[in-house]
Amino acid sequence: LSDLFQCTMAGFLQLNLPSKKSAIQARMILEWLIWGDSKRYTRNFSPKKINVNVIGEVNDPGRKSLDSNTSLIHAILQAGGPITWRSNKGNVRLLRVNNDGSTTLRGFKIDLTYGVSNKKNPLLEDGDTIFVRRNNFSKVTDSISNISRPLRDVVTTWTFFKLVND
């Protein structure tokens with residue numbers, strides 16, 4: 001079967017398929033038969049660039065166009081890196097939509113010493129979303145700010161009227 005695949009890919013064996021789409025599907029089926037897993041062929045047909053969303057506590061959040069062999073940590077660095085005092089580097093989330101339509105949410109720790117690893121620093125796929133969460137200090141300061149903002153406006157208005165009346 002491997003020789004059949006190689007002959008087909010090299011053009012020695014011509015398959016009369018009605019369209020380019022049929023040829024791609026045939027190639028995918030042959031690769032699946034040879035390697036036995038459906039993930040293998042997606043890597044062979046992967047584009048040179050992937051689009052990844054990096055959101056949360058990074059310096060430049062948004063949609064990033066990255067090389068297809070980009071790791072999680074490299075994508076965060078491409079987004080300007082985590083905001084030093086606000087980000088929770090021990091709880092970064094990766095949301096991935098799988099081929100079957102299900103979603104996977106995994107947590108990772110940011111450590112620049114990690115090489116590419118499926119457990120600690122996975123390669124990204126097109127459409128992945130990375131969420132760099134806030135740390136506890138940021139949550140507390142944001143809550144205090146949200147509570148004090150309306151009070152600040154009331155105090156400012158009260159002070160203004162006091163100055164006008166005096």
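This structure is a prediction, so every number in the text was calculated from the model and none was measured.
- The backbone N or O of Asp126 sits nowhere less than 3.5 Å from a side-chain atom of Asn51 that would complete a donor-acceptor pair.
- Taking each heavy atom of Arg96 and Leu123 in turn, the nearest pair found is NH2-O, 3.1 Å.
- The shortest non-hydrogen separation linking Ser87 to Pro82 is OG-CB, 3.3 Å.
- Within the model, atoms OG1 of Thr129 and CZ of Arg63 stand 8.0 Å from one another, a figure rounded to the nearest 0.5 Å.
- Salt bridge status for Asp67 with Lys48: absent, with no side-chain N to carboxylate O gap under 4.0 Å.
- Looking at Leu124, Val58, Ile73 one by one, the single match for side-chain contact (heavy atoms from CB on, under 4.5 Å) with Ile130 turns out to be Leu124.
- Contact record, Lys139 with Arg134: CE-O, 3.7 Å, taken as the closest heavy-atom pair.
- Contact annotation: the side chain of Gln78 approaches that of Leu66 to within less than 4.5 Å [non-hydrogen atoms, C-beta and beyond].
- Surrounding CH2 of Trp158 are at most 12 heavy atoms belonging to other residues, nucleotides or ligands under 6.0 Å away.
- A distance of 12.5 Å separates OG1 in Thr159 from CZ in Arg152, rounded to the nearest 0.5 Å.
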> Please walk me through it: do Asn91 and Arg93 pass side chain to side chain donor-acceptor pair (under 3.5 Å)?
Replying inline: CA-CA 6 Å; Asn91 193 4; Arg93 302 291 181 155; 3.1 Å; yes
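- At least one side-chain heavy atom of Asp142 sits less than 4.5 Å from a side-chain heavy atom of Arg86.
- Side-chain contact, Ser145 with Arg149: a donor N or O sits under 3.5 Å from an acceptor N or O.
- Closest of all the heavy-atom pairs between Asn135 and Trp85 is ND2-O, 2.9 Å.
- Within the 4.5 Å cutoff, side-chain heavy atoms of Val132 are placed close to those of Ile76.
- Distance alone, capped at 3.5 Å, is enough to place a donor-acceptor pair between the Asp100 side chain and the Ser102 backbone.
- The side-chain heavy atoms of Glu125 and Ile50, taken from C-beta on, include no pair separated by under 4.5 Å.
- By the 6.0 Å contact criterion, NZ on Lys120 is open, its count of non-hydrogen atoms from other residues, nucleotides or ligands being 12 or less.
- To the nearest 0.5 Å, the span separating CG on Leu77 from CG on Leu72 amounts to 9.5 Å.
- Val97 and Leu94 are assigned to two separate hydrophobic clusters, defined by single-linkage of ILVMFWY side chains at heavy-atom distances under 4.5 Å.
- The residue from Thr103, Asn53, Ile55 that alone fulfils the side-chain contact (heavy atoms from CB on, under 4.5 Å) condition with Leu95 is Thr103.
- Note: Thr141 OG1 to Phe137 CZ = 5.0 Å, rounded to the nearest 0.5 Å.
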